[in-house]
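Convention: sequence-line order gives letters A, B, ...; per-chain numbering from 1.
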2 protein chains.
Amino acid sequence: MKSLSIKDIAVKANVSITTVSFIINGKAKEKSISEAVIEKVEKIIEESGYKPNQIARSLRTGNSNIIGLIIEDISNSFFSRIARLIEDKAYKRGYKIIYSSTENSIDKAKELINMFKSRKVDAYIISPIKGIEEDIQMLLDDGNPVILFDRNLSDVNTSYVGADHFNASHQSIQSFIDQGKKNIALVTTDINVEQIIERYDGYKKALEDNGIKYDDKLVLKIHFNQEEGETIAQIQELFENKKIDAVLFATNYLAISGLKALKQINKKVGDDFGVIAYDDHEAFELHTPRISAVQQPLEEIAETIIKLILNQLSSKGKLPAEEVIIPARLVIRD
Amino acid sequence: MKSLSIKDIAVKANVSITTVSFIINGKAKEKSISEAVIEKVEKIIEESGYKPNQIARSLRTGNSNIIGLIIEDISNSFFSRIARLIEDKAYKRGYKIIYSSTENSIDKAKELINMFKSRKVDAYIISPIKGIEEDIQMLLDDGNPVILFDRNLSDVNTSYVGADHFNASHQSIQSFIDQGKKNIALVTTDINVEQIIERYDGYKKALEDNGIKYDDKLVLKIHFNQEEGETIAQIQELFENKKIDAVLFATNYLAISGLKALKQINKKVGDDFGVIAYDDHEAFELHTPRISAVQQPLEEIAETIIKLILNQLSSKGKLPAEEVIIPARLVIRD
DNA sequence: CGGCTACGCTAAAACGTTTTAGTCGATCAA
DNA sequence: TTGATCGACTAAAACGTTTTAGCGTAGCCG
């Protein structure tokens with residue numbers, strides 16, 4: 001069963017294709033189509049269940065009402081939650097979202113950008129990785145709205161929305177120090193992205209501000225794509241061999257692995273061993289004792305992203321890049 | 001900067017559009033284009049960075065190399081994990097995935113189907129809800145490959161991939177009984193979908209098989225879209241007012257809420273109070289004590305879905321609907 | 001009465017591909 | 001010599017829309 005086309009409707013209504021198109025697009029009044037014809041055509045459309053072919057539409061108009069969202073990994077709860085919020089908000093404004101994960105692979109990221117480009121998405125929301133600066137610059141040069149989030153790319157002049165990682169990290173470490181902790185570890189990843197570096201810088205600066213000497217041996221950089229088992233082993237090694245009374249995990253999945261590691265070596269979180277995780281997770285609230293965490297304001301981030309995108313879409317000319325840094329919240333538990 | 005079209009390439013290479021198209025689509029040999037021309041054109045394409053406009057392609061060929069994935073909620077870890085696996089596997093076979101969440105709204109589900117339809121996706125993977133049978137039937141009538149997963153729709157004759165919810169639930173309850181539990185509660189939702197009903201049936205049957213009388217008061221049906229606070233309150237009420245020594249949560253988010261509820265009223269999970277969650281979650285492994293869970297074999301489900309889809313896509317005629325039920329695994333912890 | 005504008009509608013071009021049905025010359029078998 | 005086949009390529013239709021330009025009639029102004 002072939003699906004209906006505008007032509008079928010035109011024939012049925014005994015009017016021209018043009019007329020039907022005007023009616024579909026709400027230009028009937030403006031183009032002075034008579035009330036009678038409008039009603040007749042609308043009735044036929046209704047009855048036949050005709051839906052315009054969006055592909056033909058896109059081909060003709062050059063836009064798609066689709067926003068492309070490129071993230072690191074949809075199965076990470078930070079991203080899946082933000083994706084959901086963005087999807088929701090975009091949907092309410094008449095936009096659809098297509099998303100896809102890069103898995104931190106430069107090649108896949110490039111491919112995704114190309115795919116979105118050849119599908120003529122109207123705008124791009126990207127949590128980028130180093131190595132795709134050129135591709136992003138090309139999108140910008142072609143006049144596409146692009147918003148980076150979560151991580152910024154300093155070499156390229158785009159709008160960006162993200163949390164204040166430096167301060168959140170600084171504040172976390174400060175809270176440890178205020179509790180009298182001295183030997184504070186940082187478990188982070190080796191991916192070379194801004195927000196991870198900022199968290200590291202915040203850690204360092206807080207130590208310095210309090211006259212505590214930075215010790216390289218207390219910082220563990222986990223290789224990004226490795227097996228969880230190995231991660232756990234490395235973390236255990238850190239905790240068993242060093243004198244440590246507090247630790248900041250730079251991502252929520254590291255914190256999860258870290259908590260598993262602690263559990264296995266039977267080291268308890270508590271007054272004499274503090275833990276803070278960056279990015280909250282359901283498991284932290286449930287853990288005994290409950291784990292403190294830095295919460296990124298997801299709702300606000302999503303809302304800001306959508307606002308910036310819509311601004312850019314509705315303005316003809318290019319808008320100046322805008323950076324929005326949103327404070328993160330340290331939630332102290334138990 | 002307008003993007004290049006096949007015509008630009010043709011002009012540059014001084015050949016016809018047709019020739020370029022043949023080369024792009026690997027039909028050069030078959031259409032006996034000379035080696036020299038092939039090389040020349042390929043070089044020009046390479047240098048200019050030309051990418052075919054997929055929209056025009058789709059319009060002409062009627063397919064898109066895109067598979068539409070419709071799920072309940074991307075921020076639920078079960079779905080986001082399966083989405084990631086499906087995306088990955090599809091990607092390796094040259095297909096892209098577009099996904100979107102229904103939020104259990106019939107209207108949104110219908111809209112999504114229409115959106116995918118008008119974008120001419122090649123196939124549909126849907127975790128359906130009751131009320132969209134007709135829409136799915138229409139997709140089938142139009143000859144589209146459709147695979148349902150997670151939940152089946154008995155009124156419509158589609159392929160389906162899902163876990164064996166009845167047995168998993170039965171087995172869970174049986175394990176409680178084997179431990180000597182007598183008053184076993186079930187916390188489930190009121191959404192009227194097959195897999196939830198099967199879990200309920202498994203619960204009932206296991207009690208019956210062991211000569212335990214089914215007690216309506218031990219079954220709590222949580223309204224789907226309600227606030228978490230209310231859910232927690234209801235669960236607390238259940239536990240405080242009834243004599244209960246074990247509970248099966250029918251979804252992982254209910255289990256999360258349930259554990260929060262238990263924590264607040266300071267009821268400990270342990271030998272005299274057993275908990276099993278349906279669908280595993282990182283929080284369960286980390287909980288003290290660790291929480292047992294029914295694991296759906298995500299990897300296998302994703303793989304099976306993709307296989308069925310590809311089979312249908314590559315066979316011309318319609319294939320008979322196929323139901324694949326995959327056993328779930330009860331993981332007993334601590 | 002001639003020229004304008006408004007009304008109600010439509011023909012046809014354009015968007016960027018794929019694909020069918022050729023064309024034109026050269027080679028080949030009979 | 002002729003008809004068929006092959007090699008190398010191409011013109012043009014088609015996919016389903018949107019949109020520009022325009023057509024014929026009627027009413028109105030001066």
Side-chain angles (χ1 to χ4, degrees), chain A residues 1-42 45 48-66 114-115 117-120 122 142, chain B residues 1-42 45 48-66 114-115 117-120 122 142:
Chain A
M1 196 183 89
K2 286 278 297 121
S3 63
L4 293 165
S5 80
I6 196 173
K7 192 173 169 189
D8 300 313
I9 304 297
V11 169
K12 264 189 211 166
N14 204 23
V15 296
S16 76
I17 291 182
T18 311
T19 304
V20 178
S21 174
F22 286 154
I23 293 173
I24 291 171
N25 294 290
K27 299 199 180 151
K29 287 271 182 278
E30 174 188 337
K31 299 287 178 179
S32 59
I33 306 293
S34 70
E35 203 53 55
V37 170
I38 296 181
E39 268 174 35
K40 178 171 61 172
V41 171
E42 279 178 344
I45 289 178
S48 63
Y50 163 74
K51 298 275 179 244
N53 178 323
Q54 298 297 338
I55 293 186
R57 225 178 214 183
S58 286
L59 178 59
R60 175 59 230 232
T61 62
N63 52 40
S64 56
N65 270 354
I66 291 188
N114 274 329
M115 160 191 166
K117 191 152 54 168
S118 54
R119 303 262 167 217
K120 305 284 177 222
D122 292 350
D142 290 358
Chain B
M1 196 181 90
K2 286 280 293 121
S3 62
L4 294 165
S5 81
I6 196 172
K7 193 172 167 192
D8 300 315
I9 304 298
V11 168
K12 264 190 210 163
N14 204 24
V15 296
S16 76
I17 290 181
T18 311
T19 304
V20 178
S21 174
F22 285 154
I23 294 173
I24 291 172
N25 293 291
K27 299 197 179 151
K29 288 271 181 281
E30 175 189 335
K31 299 288 179 177
S32 58
I33 306 293
S34 70
E35 202 53 56
V37 170
I38 296 181
E39 267 175 35
K40 179 171 62 172
V41 171
E42 280 179 343
I45 290 178
S48 64
Y50 163 74
K51 299 271 182 251
N53 178 323
Q54 299 296 340
I55 292 186
R57 223 176 216 184
S58 286
L59 178 60
R60 173 62 228 231
T61 63
N63 52 42
S64 57
N65 269 353
I66 290 187
N114 274 329
M115 159 188 166
K117 190 151 55 167
S118 54
R119 303 259 167 220
K120 306 285 178 221
D122 292 349
D142 291 357

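Applying the 4.0 Å criterion to OP1 and OP2 of D:dT17, one finds that A:Y50 has a side-chain N or O inside that range. The phosphate of D:dT10 has neither OP1 nor OP2 within less than 4.0 Å of any side-chain N or O from B:T18.
By the salt bridge (Lys or Arg N to Asp or Glu O under 4.0 Å) test, A:K29 pairs with A:E35, sequence neighbours left out. Every residue was checked against the side chain to side chain contact (heavy atoms under 4.5 Å, CB included) condition with B:S32, not counting sequence neighbours, and none meets it.
Annotation: the span from A:K40 atom NZ to A:I23 atom CD1 amounts to 9.0 Å, rounded to 0.5 Å. For the atom pair B:I6 CD1 and B:I24 CD1, the distance stands at 4.0 Å (nearest 0.5 Å).
At least one donor-acceptor pair closer than 3.5 Å links the side chain of B:S64 to the backbone N or O of B:K120. Put simply, the side chain of B:N53 gets close to the backbone of B:I55: a donor and an acceptor are under 3.5 Å apart.
Looking only at side-chain heavy atoms (C-beta outward), A:R119 and A:S58 stay at 4.5 Å or farther from each other. A 4.5 Å side-chain heavy-atom check between A:K51 and A:S3 finds every atom pair outside the cut-off. The shortest side-chain heavy-atom distance between A:N65 and A:R57 does not fall under the 4.5 Å cut-off.
The two residues A:A28 and A:I38 make their nearest non-hydrogen contact at CB-CD1, 3.5 Å.
Of all the residues in residues 57-65 of chain A, A:L59, A:R60 reach under 4.0 Å from DNA chain C with at least one non-hydrogen atom. Remark: A:T19, A:F22, A:K31, A:S32, A:I33, A:S34 in residues 19-36 of chain A come within less than 4.0 Å of DNA chain C through at least one heavy atom.
In this structure, the CD1 atom of A:I17 is 13 Å from the C1' atom of D:dA14, given to the nearest Å. Taking atom NZ on B:K120 and atom P on C:dG16, their separation rounds to 21 Å, with Å as the unit. Regarding A:N53, its CG atom lies at a distance of 8 Å from the C1' atom of D:dC15, rounded to whole Å. Atom C1' of nucleotide D:dA8 and atom CD1 of B:I38 are separated by 11 Å, given to the nearest angstrom. Rounded to an integer number of Å, the gap from A:D8 CG to D:dC15 P is 11 Å. Distance, A:I6 CD1 to C:dA12 P: 17 Å, rounded to whole Å. The NZ atom of B:K7 sits 16 Å away from the P atom of C:dT18 (whole-angstrom rounding). In this structure, A:K40 places its NZ atom 14 Å from P of C:dG8, rounding to the nearest Å.
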Could you tabulate the donor-acceptor pairs under 3.5 Å formed by side-chain atoms of residues 9-17 of chain B, not counting sequence neighbours?
residue: B:S16; atom: OG; partner: B:T18; partner atom: N; Å: 3.3
residue: B:S16; atom: OG; partner: B:T19; partner atom: N; Å: 3.1
residue: B:S16; atom: OG; partner: B:T19; partner atom: OG1; Å: 3.1

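Annotation: the terminal axes of the helix from C:dC1-D:dG30 to C:dA30-D:dT1 meet at 60°, where each axis is the rotation carrying the C1' atoms of four end pairs onto the next four (5 pairs per end, rounded to 10°).
Side chain of B:V15, nearest nucleotide from D:dT17, D:dT10, C:dG16: D:dT10.
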